[in-house]
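One structure is given here, and the rest of the page talks about it.
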Number of protein chains: 2
Amino acid sequence: MKIGELAKRSGLSAHTIRYYERIGLLPFADRDAGGRRDYDESILVWIAFLDRLKTTGMPIREMLHYAALRAEGDHTGPARRALLEAHRDRVRAHLSELQACLLVLDTKIDTYVEAEKRTQPHDDTRYSTAGDQSRARAARP
Amino acid sequence: MKIGELAKRSGLSAHTIRYYERIGLLPFADRDAGGRRDYDESILVWIAFLDRLKTTGMPIREMLHYAALRAEGDHTGPARRALLEAHRDRVRAHLSELQACLLVLDTKIDTYVEAEKRTQPHDDTRYSTAGDQSRARAARP
DNA sequence: CTAGGGGTTTGAGCGCACTCTAAGTCAAGG
DNA sequence: CCTTGACTTAGAGTGCGCTCAAACCCCTAG
C-alpha cells in the first residue's frame, strides 16, 4: 500500500502520515524499489488505535510515550497499562464534565424556547412566504 | 472587583481576562479613578457560561458570534438558540464517540491485565521480567 | 518522447488559544 | 519619601498539531 492509499483508508492525510513517522508515532515505513513508502495492512490497526487516543484527547507527547514503551518490548506491558488506565480516568472525568455541561446547555436552550413561545404564542407559520405550510413547519421544528 | 480578584474567582488568569476583553468575548470593563478595571459580580455568570462553552469544545470564534448576537439585542434570541442547539448536537455526538472509545480502552486495558495474570499467575506484587510471548507486533497496538 | 500523477525531502507557515515581556502608572504602607 | 506590588498598554512569543511549499524523482500511458 502506497502512502496515498493509506491516507484514504486511514483518514489521515499523506502529510500527516509522514509527520507522524517523523516524530516517531508511526514506525519507519518499508520502501519499494523506487524509495517510496510501502505499507502493510497491519499499520491500519495501529493508526486506528492512535486515532482513538487522539479522539479521547491524549496529547501526541503521551502517545509517543506509549509508542516508545511498545517498541521497548513486552516487559513494558505494566507501564503501558498504567498509562492507559490514567488516560481512561481522565477521559471518564472529562465525560462527566461534558454531561454536566450538556444539562446546562439544554436548560439554556429551554429558556430560549420558552421566550420564543411567549413572543409568538399563536402563530407557528410566521416564516412561511406562501401557501407552503408543511415546509415552513419542517424548517422550524 | 479588580482584575486580580476576578482572576481568582473566575479561574481565568488576568492575562486571559484582558485577552478576552480585547477580542470581544468580555465587555469593556468599567474603570476606577486610576484607570483600572473594576468588575461587577455579574461578570462571573457570563464567564461561567463561556467556560462551559469552552469545556464543550466551542471555538472562540463561535463564542464571539454568540456574544455578538447577545449584544445585538433580544431579537437575536432565535439565532442564539439555533447556535446553541447546533453546538449541543455536536457535543452529544462527541460524547457518544468518547463513550465508544472508552469501551475500546477498557478492552485494551483488560488485555494487559490478562497478560499480567498469565505472566505472574501466583504473585501480583512483582512486575514482569520474563515470559516473552510471541511478538506479533504489528497487529498488537 | 513527453506529460501527468504519484511519490520524495527539508523546512517554513498556519490557526488556535493563550501567555508573557517591557516599560510604564498608581496607591498604600513603613 | 520610598518601596512594593497590583495594575496599564502594545506587541511579541509559545506550544500544539498539523499543513503546505519548493524542488526534485520516478513510473506509466498515450
Side-chain angles (χ1 to χ4, degrees), chain A residues 1-40 43 46-68 87 90-91 94 97 101, chain B residues 1-40 43 46-68 87 90-91 94 97 101:
Chain A
M1 198 185 346
K2 302 268 185 56
I3 199 172
E5 200 195 330
L6 179 59
K8 263 172 213 143
R9 291 179 61 183
S10 69
L12 299 175
S13 74
H15 283 310
T16 301
I17 293 170
R18 289 193 204 97
Y19 166 68
Y20 278 3
E21 179 181 310
R22 205 160 65 225
I23 65 174
L25 209 47
L26 293 180
F28 288 107
D30 294 338
R31 304 305 180 107
D32 67 11
R36 282 99 182 273
R37 290 171 182 82
D38 197 3
Y39 293 95
D40 189 273
I43 194 74
W46 175 236
I47 292 179
F49 180 63
L50 288 178
D51 217 50
R52 281 178 215 288
L53 294 181
K54 186 169 81 176
T55 296
T56 51
M58 183 183 284
I60 282 185
R61 240 181 357 279
E62 203 171 334
M63 295 188 213
L64 282 175
H65 185 190
Y66 183 87
H87 181 59
R90 286 193 302 271
V91 175
H94 184 55
E97 204 179 13
C101 286
Chain B
M1 196 187 347
K2 302 271 182 53
I3 200 172
E5 200 194 332
L6 178 59
K8 263 172 213 144
R9 292 179 60 184
S10 68
L12 299 175
S13 75
H15 283 310
T16 302
I17 292 169
R18 290 194 202 96
Y19 165 69
Y20 279 2
E21 178 181 310
R22 205 159 67 224
I23 65 174
L25 210 46
L26 293 179
F28 288 106
D30 294 339
R31 303 304 180 109
D32 68 10
R36 282 100 181 273
R37 291 172 181 81
D38 196 3
Y39 292 94
D40 189 272
I43 195 74
W46 176 236
I47 292 179
F49 181 64
L50 288 179
D51 218 50
R52 282 179 213 287
L53 294 182
K54 187 169 80 177
T55 296
T56 51
M58 184 183 283
I60 284 187
R61 239 180 1 278
E62 202 171 336
M63 297 189 212
L64 283 175
H65 186 192
Y66 183 88
H87 181 59
R90 285 192 302 270
V91 176
H94 184 55
E97 205 179 11
C101 286

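Per chain, numbering begins at 1; letters A, B, ... match sequence-line order.
- For B:Ala29, the side-chain contact (heavy atoms from CB on, under 4.5 Å) test picks out B:Glu21, B:Arg37, B:Tyr39, with sequence neighbours left out.
- When every heavy atom of B:Asp40 is checked against every heavy atom of B:Met1, the shortest pair comes out as O-CE, 3.9 Å.
- Looking only at side-chain heavy atoms (C-beta outward), B:Ile43 and B:Pro27 come within less than 4.5 Å of each other.
- For B:Tyr66, the ring-ring contact (aromatic ring centres under 6.0 Å, His included) partners at least two apart in sequence or on another chain are B:Phe49.
- Taking every nucleotide of DNA chain C with any atom under 4.0 Å from a non-hydrogen atom of chain A, the first and last of them, 5' to 3', are C:dG6 to C:dT10.
- Evaluation of the side chain to side chain donor-acceptor pair (under 3.5 Å) test over residues 25-35 of chain B, restricted to residues two or more places apart or in two chains, returns none.
- Close to D:dG17, at under 4.0 Å from its OP1 or OP2, lies no side-chain N or O of A:Lys54.
- The stretch residues 55-63 of chain A comes close to DNA chain D through A:Pro59, A:Ile60, A:Arg61, each having a heavy atom under 4.0 Å from the strand.
- For A:Arg52, the salt bridge (charged side-chain N to carboxylate O under 4.0 Å, His left out) test picks out no residue, with sequence neighbours left out.
- Across residues 6-33 of chain A, A:Arg18, A:Arg22, A:Arg31 each have a non-hydrogen atom less than 4.0 Å from an atom of DNA chain C (numbered order).
- The line from CG of B:Leu50 to CG of B:Leu25 is 4.5 Å long, rounded to the nearest 0.5 Å.
- A side chain to side chain donor-acceptor pair (under 3.5 Å) check over residues 6-18 of chain B, counting only residues at least two apart or in different chains, returns the pairs B:Glu5-B:Arg9, B:Arg9-B:Glu41, B:Ser13-B:Thr16.
- B:Gly24 approaches B:Ala67 most closely through the heavy-atom pair O-CB, 4.2 Å.
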Without placing hydrogens or testing angles, list every side-chain donor-acceptor pair under 3.5 Å for residues 57-64 of chain A, not counting sequence neighbours.
unit_1	atom_1	unit_2	atom_2	d
A:Glu62	OE1	A:Arg90	NH2	3.1
A:Glu62	OE2	A:Arg90	NH2	2.9

